[in-house]
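All ligand and atom numbering here is 1-based and tracks the order in the structure.
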Amino acid sequence: MPTRTRLLVSFVAIALLVLTVFGIMAYRIANESALLREAMAMQATVDEIAGQMTSALQVLPPALDTLRGLRLPYLQHARLFLVHTADGKSVPLGGLERDQFPDKGKLLAQLANTAQPASGQLLYRNLQYTWASVFIPGTDLRLTVVHPSIDVEFATLRSLGMRMLITAGIVIWIAVWGALIITALLTKHLNKQNARLVHQALHDDLTDLPNRNLLYDRIEQALHRCHREGQSLALFIMDLDRFKEVNDTLGHHFGDHVLQQVGKRISATLRETDTVARLGGDEFAVLIPDAHMQDAQSCAEKLLATLDVAIPINGMSLSVKTSIGIALYPQHGGDAESLLQHADVAMYQAKRSGSGFNIYAQDQDPHSLRRLTLIGELREAIAAGQLELHYQPKVNLKQQRTHDVEALVRWQHPTLGLILPEEFVPLAEQNGLIAGLTDWVLHTAVKQCCDWRARGICLRVAVNLSAHSLHDLNLPDYIAAILKAADLPASQITIELTESAMMSDLARAMDIFERLAAMGIRLSIDDFGTGLSSLSYLKRLPVNELKIDKSFVIDMAEDENNAVIVRSIIDLAHNIGREVVAEGVQDRDALQLVEMLGADTAQGYYISRPRSAADLETWLHDSEWGLRVQGPRGDTLHLV
Ligand code: C2E
Ligand code: MG
Ligand code: MG
């Protein structure tokens, strides 16, 4: 039952109860006074009769006719109409007397001691009687009359009834209005309180932004709209980088202030139709309805720019960096749960790479079904011969010839098709499979190199090692054993290790590199320029070449900064006596530029994509950068 009705019903019930109690009280009072009045009236009448009797009794007996001629009220219905002496002896009235009241004796005995006229009420066998007893003037006789009470109750009720009805009407009317007014006031108060509680349940206390529950709700609503109107949406998860340090060093009070400022800035940067929520800690979420990839990207850039501005606190200014993960509907999920989860994965990726924002990609997702499937199948893939090596030429720019190739692993998955190393090598690293993979790559590359040599194709093969390979201190001995078994000179193999892998454990890298170098193996630092190595270490490392990371080379023709970086790396490498490989040469301009800047070797799609061994042989035969030797009469011979 609604509160309003309940209140109304209880008000009316209380009113009726009060009315009933008062009604009963009023009835009793009215009843008593009516009985009293009746007794008094009877006494007066009996007194009057007695007065009239005086003269009649003077002639008694036998002048009863006179008495009969008197108008004697009460005579007709009286139960007792007696003239009697003080001790209760009745005087015959010639048939006028009535003596039908069985309780007469008790009454007369009671009257024996009363020298006064008296009257009252008697209850006999549940019937109410009114009696009156008076002295007949001039005699010592009494006239006592007992008469059934007239229906006092009925009369009382009748007289009270109307009044009660009117009072009840007024009381109920007042009760109803009272209830209505009070319910209206209560409802208003409750509504206010409800609204406050609902707000509290759906908003974050600190920033007053929507919380996770409300965000879920908004996502669900937005998804409904998307289904109906074919729209898309973007969901951001944002996390402040190193916020814990702010809390730990400056205290929670400052931390809270920073979070409030960040919340305000995010809200101010976006439209009113977007939802900004705080998920807890230093994590925020943004829901942008009707947004495509481009919109999401520009929003993320705007947010990063806004949040990049230092926050002033107590005379200090604190700069907080943010990482944003983006998931889009419908590409990255069809429900709130998966969109949030994927935006979270993208956010961690952005944090790891320091890229500011990152759009979800399934292959980065450690929880994606595809990833889990691949992890499960990778071990068997190696044994089942599903891995293959492709080879990408590294062209010597001075000679315009290819003397080196880089072995790049691929997974020919029976159902998923070709899978690239950037997807499964990290999986192998994280799941203890990298040693087996490296082992397979080393054996296959060495075997291929031997095979080519046997057919007169003299190519040095570069093999990539993972950071995890550094954990194995037996690696140099192991490689030596493989080379020995294949009877391949160590100089035919190059080992590539990324700069960041090297910097992750420099001492170990130095140790392993020194032992590999001592064996005569060529060493290369891959993806150079991204791993923050210092010049002093570089000089001490026995590496032969630095491979400039392709991100600098790919657009160096357009991006002057990258061109400057490439030039600096080339100069630096040459100054410390190292060769330089420019990888990621995708077009003629890039090739000309790296040549002009003095790179020793170029590698990239413009020259050739990675190819299977057989394809590479064809390429070596056909390409202007292919492998040729001078024939006995000075003519150019194709080796393949
Ligand atoms: P990486 O060693 O730096 O290899 C170069 C990557 O750049 C290769 O990608 C190659 O296909 C790509 N690339 C070459 N030229 C161009 C170009 O002009 N433009 C662009 N956009 N890309 C170019 P891939 O084969 O996908 O390999 C990616 C990475 O996977 C490698 O980077 C390497 O770090 C790792 N990797 C590959 N094979 C192995 C392996 O056998 N063992 C280990 N541990 N890692 C491997
Ligand atoms: Mg490499
Ligand atoms: Mg590289």
Side-chain angles (χ1 to χ4, degrees), residues 363 378 381-382 386-395 402 404-412 418-448 460-472 475 479 493-502 504 522-531 543-557 562 566 569 580-591 593-594 599 601-612 615-616 619 625:
D363 55 7
L378 188 54
I382 302 174
Q386 289 171 14
L387 296 188
E388 32 181 89
L389 281 185
H390 281 194
Y391 300 89
Q392 187 177 31
K394 291 163 89 174
V395 170
T402 301
D404 293 83
V405 288
E406 178 176 8
L408 295 160
V409 69
R410 268 94 183 94
W411 179 359
Q412 270 300 347
L418 186 77
I419 303 175
L420 290 174
E422 263 165 352
E423 187 173 358
F424 67 87
V425 167
L427 294 187
E429 287 174 338
Q430 289 151 18
N431 294 281
L433 301 171
I434 192 66
L437 184 102
T438 308
D439 182 44
W440 180 87
V441 171
L442 278 167
H443 273 100
T444 312
V446 164
K447 188 167 168 290
Q448 184 61 58
R460 198 159 41 194
V461 179
V463 172
N464 291 284
L465 287 190
S466 122
H468 287 247
S469 310
L470 295 181
H471 299 165
D472 181 8
L475 187 76
I479 295 176
I493 293 293
T494 302
I495 292 292
E496 292 188 9
L497 185 73
T498 61
E499 186 185 21
S500 53
M502 194 187 74
S504 69
R522 231 179 117 75
L523 296 171
S524 168
I525 300 184
D526 208 349
D527 301 346
F528 189 80
T530 56
V543 292
N544 303 83
E545 67 181 32
L546 304 184
K547 282 183 85 171
I548 307 173
D549 189 65
K550 58 179 176 286
S551 62
F552 301 116
V553 178
I554 282 173
D555 61 352
M556 62 183 289
N562 281 346
V566 172
I569 295 177
V580 177
V581 181
E583 75 174 354
V585 174
Q586 281 194 164
D587 49 44
R588 176 189 283 276
D589 289 348
L591 182 62
L593 253 171
V594 296
T601 306
Q603 177 182 353
Y605 291 171
Y606 181 64
I607 297 161
S608 165
R609 285 184 175 261
R611 296 160 179 275
S612 66
D615 268 4
L616 183 84
W619 180 86
W625 296 289

Q | Separation between CD of Gln448 and OH of Tyr391, rounded to the nearest 0.5 Å | A | 4.5 Å

Q.
Tell me whether the Mg ion (ligand 3) has Glu496 as a neighbour, meaning an N, O or S atom of it below 2.8 Å.
A. no

**Q.** Atom pair CZ/CD1 of Phe424 and Ile419 - distance to nearest 0.5 Å
**A.** 7.5 Å

(Q) Nearest 0.5 angstrom please: Phe552 CZ to Ile569 CD1, how far? (A) 5.5 Å

Q. Should you measure from each heavy atom of Lys550, which atoms of ligand 1 turn up under 4.0 Å away?
A. 6 (C), 7 (O), 20 (C), 22 (N), 23 (C)

Q. What residue and heavy atom of the protein are closest to atom 40 (C) of ligand 1, and at what distance?
A. Val409 CG1, 3.7 Å

(Q) Yes or no, since that's all I need: does a protein heavy atom fall within a distance strictly under 4.0 Å of atom 3 (O) of ligand 1? (A) yes

Q.
Polar contacts were defined as any N/O atom of the residue lying under 3.5 Å from an N/O atom of the ligand; does this apply to Glu422 and ligand 1?
A. no

Q: For Asp615 and Arg611, indicate whether the former's side chain and the latter's backbone hold a donor-acceptor pair under 3.5 Å.
A: no

Q. Going by the order shown, which atoms of ligand 1 are within less than 4.0 Å of some heavy atom of Glu583?
A. 3 (O), 5 (C)

Q. About how many Å separate CZ of Arg410 and CG of Leu408, when rounded to the nearest 0.5 Å?
A. 5.0 Å

Q. For the Mg ion (ligand 2), does an N/O/S atom of Asn464 lie at less than 2.8 Å?
A. yes

**Q.** For the Mg ion (ligand 2): the N/O/S atom of Glu406 at shortest distance
**A.** OE2

Q: Please state whether the separation between the Mg ion (ligand 3) and some N/O/S atom of Asp526 is under 2.8 Å?
A: yes

Q. If you measure from each heavy atom of His390 to ligand 1, is any distance below 4.0 Å?
A. no

Q. Closer than 4.0 angstrom: is that true for some heavy atom of Arg410 and an atom of ligand 1?
A. yes

Q.
As a test of understanding, state which of Asp526, Val463, Thr494 forms a side-chain contact (heavy atoms from CB on, under 4.5 Å) with Glu406.
A. Asp526

Q: For atom 19 (N) of ligand 1, grab the closest protein heavy atom and report residue, atom and distance to one decimal in Å.
A: Gln586 OE1, 2.8 Å

Q | Closest candidate by heavy atom, reference atom 15 (N) of ligand 1, pool Lys547, Gln603, Gln392 | A | Gln392

Q) Can you list the ligand 1 atoms lying under 4.0 Å from a non-hydrogen atom of Asp526? A) 1 (P), 2 (O), 3 (O)

Q: Look only at the side chain of Thr402 and the backbone of Trp625, and say whether a donor-acceptor pair between them is shorter than 3.5 Å.
A: yes

Q.
I'd like to know if Lys394 and Glu496 make a salt bridge, using a cut-off of under 4.0 Å between side-chain N and carboxylate O.
A. yes

Q: Considering the heavy atoms of Asp527, write down every atom of ligand 1 situated less than 4.0 Å from one of them.
A: 3 (O)

(Q) Is it the case that ligand 1 has an N or O less than 3.5 angstrom from some N or O of Tyr606? (A) no

Q) Under 3.5 Å, N or O to N or O, is Val441 touching ligand 1 that way? A) no

**Q.** Atom indices of ligand 1, in the order listed, that fall short of 4.0 Å to a heavy atom of Pro610
**A.** 11 (O)

(Q) Could you check whether any side-chain heavy atom of Leu465 comes within less than 4.5 Å of a side-chain heavy atom of Leu475, counting everything from C-beta outward? (A) yes

Q. Got the closest protein heavy atom to atom 46 (C) of ligand 1, with its distance?
A. Asn464 CB, 3.8 Å

Q.
At less than 4.0 angstrom from any non-hydrogen atom of Val585, what atoms of ligand 1 do you find?
A. 18 (O)

Q.
If you apply the rule side-chain contact (heavy atoms from CB on, under 4.5 Å), what do you find for Ile495 with Ile479, and how did you get there?
A. CA-CA 10 Å; Ile495 292 292; Ile479 295 176; 4.1 Å; yes

Q | Of all N/O/S atoms in Asp527, the name of the one nearest the Mg ion (ligand 3) | A | OD1

(Q) Working to the nearest 0.5 angstrom, can you tell me the gap between Leu591 CG and Tyr606 OH? (A) 6.5 Å

Q | Distance-only polar pair, side chains of His390 and Gln392, donor-acceptor under 3.5 Å | A | no

Q.
With a 4.5 Å cut-off on side-chain heavy atoms, are Leu378 and Asn431 touching?
A. no

Q) Given side chains that start at C-beta, do those of Ile525 and Leu497 come closer than 4.5 Å, heavy atoms only? A) no

Q: May I ask you to check whether Glu583 brings an N, O or S atom to under 2.8 Å from the Mg ion (ligand 2)?
A: no

(Q) Show me which atoms of ligand 1 lie under 4.0 Å from any heavy atom of Gly604. (A) 15 (N), 18 (O)

Q) What protein heavy atom sits nearest atom 8 (C) of ligand 1, and how far off is it? A) Leu408 CD1, 3.8 Å

**Q.** No-hydrogen, no-angle side-chain donor-acceptor test under 3.5 Å, Lys547 and Gln603
**A.** yes

Q) By number and element, which atoms of ligand 1 are closer than 4.0 Å to a non-hydrogen atom of Leu465? A) 44 (N)

Q) Nearest to atom 37 (C) of ligand 1 by heavy atom, Ser469, Ala467, Ser524, Pro421: which? A) Pro421

Q: Identify, for atom 13 (N) of ligand 1, the protein heavy atom at the shortest distance, and state residue, atom and that distance.
A: Tyr605 CE2, 3.6 Å

(Q) As an exercise, state the distance from CG of Asp527 to OG of Ser551, rounded to the nearest 0.5 Å. (A) 8.0 Å

